[in-house]
Amino acid sequence: MHKRFDHKQIESKWRENWRENKLYKTNENTSKPKAFVLDMFPYPSGEGLHVGHPKGYIATDIYSRFMRMTGHEVLHPMGWDAFGLPAENFAIKNKTHPRVAVEKNVARFKEQLEVLGFDYDWEREINTTDPNYYKWTQWIFIQLFKKGLAYESNEPINWCPGCQTGLANEDLEADGTCERCESKVEQKPMRQWVLKIREYADRMLADLDTLEWPEHIKEAQRNWIGRSEGAEIDFELSIGGKVTVFTTRPDTLFGATYLVLAPEHEFIEKYSKVILNWHEVETYVKEAEGKKEMDRLDATKDKTGVKLEGITAVNPANGETIPVYIADYVLASYGTGAIMAVPAHDERDFAFAKKFGIGIRYVITEIPTINRVKATGAFIRNREGKYLLQRRTGAPTSPDKLCTFGGHVEKGESPEQALARELHEELELDIIKNKLAPRLVYLRKSSSDLREEYAFYFIDKVDDSNLSVHEGQLEIFDSLEGIPDDEWAFSLKDFAHSMIDQPTIALGKLINSDEFDGMNSKEAKIAITKKVGGRLTKTYKIKDWVFSRQRYWGEPIPIIHCDKCGAVPVPDSELPVVLPDVEKYEPAGDGQSPLANIEDWVNTKCPKCAGSGRRETNTMPQWAGSSWYYLRYMDPHNTKELVSKKNEKFWAPVDVYVGGDHAVRHLIYARFWHKFLYDIGVVSTEEPFQRLEFLGFILAEDGRKMSKRWGNVINPDEIVNLVGADTLRVYEMFMGPFENTIAWSQDGLVGARRFLERVNGLREHISDTEPDETTRQLHKTIKKVSEDIKEFKFNTAISAMMIFVNLAEKTGLTADSYKKFLVILAPFAPHLTEEIWHEIGNEGSIHIAKFPTYDPDLTKDEAVTIGVQINGKMRGEITISGEASEEEALKAVNENEALANRIKDHKITKIIYVQGRILNLIIS
RNA sequence: GCCCGGGUGGUGAAAUCGGUAGACACGAGGGACUUAAAAUCCCUUGCUAUUCAAAGUGGCGUGCGGGUUCAAUUCCCGCCCCGGGCACCA
C-alpha cells in the first residue's frame, strides 16, 4: 500500500532547515577533491521559467549532491546573465530603467528555482549587470586591448536597421536576418571594436580533442572555425602585376582554366583603365554591392559574372594564358578574394564554366590503385543524346545483378583500358575504334573485399549504328525519365543522375599534369605549390569578433578617445566605468548609442596626457559577461582580482558544464577569453569546461515548443504545488535520456509521484531480516545508481531504484537496507528522503551522509537464467549457476522436458556455451 | 550538397567488447476492494497463426536490402527517412 505524503509541508520545512544550517555552503577546503558543477546561467526573462528550464539544473543538482556525498568539495553556483536587448526593449516600451525589470525578473526566477530544492550556495550568486561584476569584464577588455587583440576597425559590418546596432556574424540567422528582430541585415561601414578571435582559431581547434564534449558540439565548433589548409599561388597578369589566389587544391593547378575575382577585389578599381569593357564590369560590381550578402549566399541560383576584357593571366604550372572573370560566387571576405577556377574538379567552377563556355580539363583521376574493374550501370548516350541502357535477358532481381561488366585489370593495362576491353567483350562496343574517350566519372570501392573495385562509366556521344549486344538487349530512352521505374532501373537512374555531367572532387592520381602525372593528390599539393613558388597556408571561416553594440544596456567599453593619444584604456583604478542613467534608451539612430547624448559623461580627461578626451559610447555585446562568469563563482567577492590565484587553482576547470543550445557562440567566445586569460596568467588551465553535457529540451504535451504564443506553457510552480518538487525532479530525470528532446506528459508525472509514495510506504515493510535476493538487489542498485549518475544516465538510475522498490515491497527489507536506499535516492528526491531519514531515527542531514558503497560479490547473481538455442533458434531457458560448466548446463537441458524432447532424436554436432549468457546446441 | 546524431511496442524508452529484444514507466484491457467514484492491490499487454477457450505450439519482428557468424538492435556494404550543425568558404 502506498503511503501518501504531504509534500507541501515536508518540502518547505526542509528547505528552511537547509538554509538555516547553511548546509550547502561552499568552501575552498583543500583537503578534499573538488567538483565544480555548472549550469549555463539563465537570462532572466520577463516570462519566468517553464518546466523545461530546470531540467539541466536538476541534473547538476543530482550530480553535485552525489559528488558531495562521495567526499568532494562541491561548487554548484547560480547567477544571472542580465545584459542584453530584451531587457532594453522592455525598458524602451515601458519607460522604465532596464535595471528595474532585471531586478524583478531575477527575483521571480530565484523564487521559482528555490522551490525545487537546489543545493546552490547563494552567497556566490553573480549578476553580469552588477558594476562589481562588470568591472572585471571591462578589465579583461583592457587586457585584450593592451595585447593588441582589441582594435578599432572601419570595415563594413552587419548592421541591423531594426535593432539599430552592429552585429557579429554569429548573431545572424542562416538567411542573413537578425536573430532578434528578423530585420534584413545590411552591410554598413562603421567604426567598430573588434576582437582578434582568429588568432586563437588554431588553438581552439586543436584543444577540442582534449575535451570530453559531445561530438556534435565539437563538430559545430570545427565547422564554425572552418579552417582550410591549402596554398596561396600567384598568377602573373598580362598587364603586369599579379593576383594571389587561395586554393585548397593546388594539386589541380594544371586544370585551372580561368581566374575569378570577387567583385569587391581591390584589383578591379586599380586597373579600371585597362579593362576594355569597364562599363559592363562597373555595372556588375554595383549590382553585386546592391545584392548584399544574403542574396549572394544563395547557392542554388545561376552563376553570374563578367569577363575582364583586355586582361589575361598565366597559369604558372603550364604557362597557359587564361581569362580572368569577376563573379559574385567568389567572396571578398574569404581567402584572398580571388580563386583559380578548376571546373573539372569543383562544382561551382564547373557550373560557371559550362555557362560561359570555358574549357574543362580533368587533371585528377580518382583511381588510387585498382586491380579489378566493374562497371555497373553502363549508361551510354548516343549521338542524338538518347540513353542506351543494356539490360540482360531474364527478370531482374536486383540492381547489381544487371548491367555489370567486370574483370581483372591485366598487367600493363590501365583501368580505363581494362574497362574498354570489357565493354568490347560484353557489348561489342569498340571504343577505341569509335575514337571515344571514355571518362571515369566515379569510383567506389567495396571495403569488405578490397580486391574488388566498382567503377562507373559514362560515355558520351556513342555512335550506336554498329553497336550490337552480346547478351541481352539494348533499350533506348529519350531521357533518363523515360527509363522505367522498376526495382533495378530506379536505382541505376539515381546513379546516372548523380554521375552525369559532374565534376569530380575526390583526391586521386594526377593526369594531364606534365611531370606530376601519376603522383597522388596529397604529394602533388606540396610539389606543385613548390614548383610555382606558392606558399602553403591556412585560412578560416571564422571572422574576428565584432564586439561593439550601439545600444544602452551593456557594459560600457572602457576606452577614452584622445585627439593626441588615440584610444586610451581607462586606468584600473577608475574601473568600473559605470553605465550612467539616461533619459531615453533608444539608440540615437545615427549609429551612436544613447550614451553619446550624455555630454558630461562622455567628456572626460585623457588618462595619459590629461587633455580632453571622449569616452567610448559603444557598449559590449551580450556575450561578454558570459564569456568568463564561471571564473567569478570561484571568488565572487574579491575586490582586488577577478579571481584569486589560490581559488582559481583550487576550482579550475569546470568539471561538468551542462546546457543546450549555445553550442557555438557562447562556448567559442568563452573558450577564446579563457585562452587569453591563460596567456596572461589569470587562469591555470587551457580550457574552461572539461566536460560538457548537452541538454535535450522539454516540449509541450502537443509536441511544440513551450511558448506563451501557443498557450502551452507549463509552469513549474504549479507542478510543485500539485505533486511536489521531488516528483517533478524524478519525473524530469526519468523521462528519457538526458540529451533527448521529449514532450512533457502529465500522465508520466503521476508515475514519478507513485514511485515516491511507494518509497515512503516501504518503511512498513521493514523487518529484522531480508532475503539474500533483496540484499543482492540493493547492492546492484547502489552500483548502477553510482555509475549512472556519473554518466548522466539518470533515467536508468531511477529505473534501477524502481526495480529495487518493487522487490522490497514483496520481500521486505532491513532497516539498514532502507537507510542505504534512501541515501542513494536523496540526490533525486532531497526533501522526502530527508523527511523519512529523520523519521526513522537518523541524526544530521541525509545530504551530508556518505553515499553507500557496494560489495562487488553481492552484485552478481547466484543463479542465472540463460536462453537455450537449438540451431540458433531460441527454444527455452535453463537456470544454472553463473559459473556452471558446460556439462552442468547440458545436464540442466536434459532435465528440462521440452528441451530434452527436442534433442533426443538428434546428434549434437556442436555446442556453444557462454557462461551466464547463452547455450546454443547445433544438432543434425 | 557536406558534416554530426538518430530510426526498437499504442507512448517515453531499456539492452550494443555480438549472446533470452522490449527492462522500467505511462497508456490500454480484465479482476479485487467500494453503495459508487477516486486511490490502492493483482493479472494481461510486440505482431501473428493454430484453438470454442485456455494452456501450449509455431511463424514474424529493432527503418529498408544484402553480407559475416553457431548467434546480429549490436559488426560490414549499399540505400531510405527524421533531427541538428554548416553551406557559392575555393
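Both backbone and side-chain heavy atoms feed into the values below; hydrogens, waters and symmetry mates do not. In the text below, chain A, chain B and the rest are named by the order of the sequence lines, each starting its count at 1.
- Here B:rC24 sits opposite B:rG12 as a Watson-Crick or G-U wobble pair (both hydrogen-bonding atom distances under 3.5 Å).
- Spacing of C1' atoms, B:rU44 relative to B:rG22, comes out at 16 Å, to the nearest Å.
- Within 4.0 Å (heavy atoms only), A:Asn920 reaches at least one base atom of the nucleic acid.
- Nucleotide B:rG18 forms a pair with no other nucleotide shown, judged by Watson-Crick or G-U wobble geometry with both contacts under 3.5 Å.
- Residue A:Ile912 is in base contact, counting any heavy-atom pair closer than 4.0 Å across all strands shown.
- For A:Trp744 and A:Tyr731, the distance between ring centers is under 6.0 angstrom.
- For an aromatic pair to be called close, the ring centres must be under 6.0 Å apart, and A:Phe350 with A:His345 fails this.
- Proximity note for A:Asp747 (side chain, C-beta onward) versus B:rA23, B:rA25, B:rC26: the nearest is B:rC26.
- Look at the C1' atom in both B:rA72 and B:rA21: the space between them is 11 Å, to the nearest Å.
- Atom NZ of A:Lys873 is separated from atom C1' of B:rC60 by 9 Å (rounded to the nearest Å).
- The P atoms of B:rA37 and B:rU48 are separated by 31 Å, rounded to the nearest whole Å.
- Looking only at distances, no side-chain donor or acceptor of A:Asn795 sits under 3.5 Å from a matching main-chain atom of A:Phe734.
- The P atoms of B:rA25 and B:rU35 are separated by 31 Å, rounded to the nearest whole Å.
- Note on A:Asn223: every side-chain N or O is 4.0 Å or more away from OP1 and OP2 of B:rC2.
- Taking atom CG of residue A:Leu749 and atom P of nucleotide B:rC26, one finds them 12 Å apart after rounding to whole Å.
- Closest to the A:His216 side chain, of the nucleotides B:rC4, B:rC24, B:rA13, is B:rC4.
- B:rG83 is paired with B:rC4 under the criterion used here, namely a Watson-Crick or G-U wobble arrangement in which both key atom distances are under 3.5 Å.
- Using N1 to N3 plus N6-O4 or O6-N4 for Watson-Crick, or N1-O2 and O6-N3 for G-U wobble, each under 3.5 Å, B:rC75 pairs with B:rG67.
- A distance of 6.0 Å or more separates the ring centres of A:Phe356 and A:Tyr258.
- Going from atom CE of A:Met874 over to atom P of B:rA15 covers 19 Å, rounded to whole Å.
- Here B:rA90 is the nucleotide among B:rA90, B:rA25, B:rG59 with the atom lying nearest to any side-chain atom of A:Ile339.
- If you take CZ of A:Phe755 and C1' of B:rU40, they are 18 Å apart, rounded to a whole angstrom.
- Nucleotides B:rG61 and B:rG7 have their C1' atoms positioned 15 Å apart, rounded to a whole Å.
- What separates CE of A:Met340 from P of B:rA90 is a distance of 13 Å, to the nearest Å.
- Note: CD1 (A:Ile922) to C1' (B:rU69) measures 11 Å, nearest angstrom.
- Remark: A:Arg671 fails to qualify as a cation-pi partner of A:Trp224 under the 6.0 Å distance and 45° angle criteria applied to the six-membered ring.
- Heavy-atom distances to RNA chain B give each of A:Pro737 and A:Lys810 a nearest nucleotide, and the one nearer the 5′ end belongs to A:Pro737.
- Nucleic acid contact for A:Ser745: none, since no nucleic acid atom lies under 4.0 Å from a heavy atom of the residue.
- You'll find that the side chain of A:Leu331 is closest to B:rC89, out of B:rA23, B:rC89, B:rA13.
- If you take atom P in B:rG46 and the same atom in B:rC24, they sit 12 Å apart, rounded to whole Å.
- Electrostatic pairing of A:Asp234 and A:Arg535 counts as a salt bridge here, judged by a charged N lying under 4.0 Å from a carboxylate O.
- When ring centroids are compared, A:Phe738 and A:Phe694 stay outside the 6.0 Å threshold.
- The phosphate of B:rU40 (OP1 or OP2) has a side-chain N or O of A:Arg754 nearer than 4.0 angstrom.
- Counting only heavy atoms from C-beta on, A:Val330 has its side chain closest to B:rA90 among B:rA90, B:rC86, B:rC24.
- Here the nucleotide nearest the side chain of A:Glu215, chosen from B:rC89, B:rC4, B:rG19, is B:rC4.
- For B:rU68 and B:rG18, the C1' atoms lie 12 Å apart once the distance is rounded to whole Å.
- As judged by a 4.0 angstrom heavy-atom cut-off over every strand, A:Arg753 is placed among residues making no nucleic acid contact.
- OP1 or OP2 of B:rC89 has not a single side-chain nitrogen or oxygen of A:Arg227 nearer than 4.0 Å.
- The shortest distance between the side-chain N/O atoms of A:Thr796 and the OP1/OP2 oxygens of B:rA23 is not below 4.0 Å.
- Residue A:Asn806 is classed as a sugar-phosphate contact, given heavy-atom separations below 4.0 Å to backbone atoms only.
- One interatomic measurement links the two molecules: CD1 of A:Ile803 to P of B:rA13, which rounds to 18 Å at whole-angstrom precision.
- No engagement by A:Gly335 is indicated, since no non-hydrogen atom pair under 4.0 Å with the nucleic acid exists.
- Mapping A:Val750 and A:Thr741 onto RNA chain B by nearest heavy atom places A:Thr741 closer to the 5' end of the strand.
- Under 3.5 Å, the side chains of A:Tyr329 and A:Thr304 contain no donor-acceptor pair of N or O atoms.
- Rounded to whole Å, the distance from CD on A:Glu219 to P on B:rC4 is 6 Å.
- Glycosidic torsion of B:rG18 falls outside 90° of 0, placing the base in anti.
- The A:Thr865 side chain lies nearest to B:rU20 when the options are B:rC89, B:rC86, B:rU20.
- At a threshold of 4.0 angstrom between heavy atoms, the contacts of A:Glu877 include nucleobase atoms, whether or not backbone atoms are also involved.
- Taking the C1' atom of each, B:rA14 and B:rU57 are spaced 29 Å apart, rounded to whole Å.
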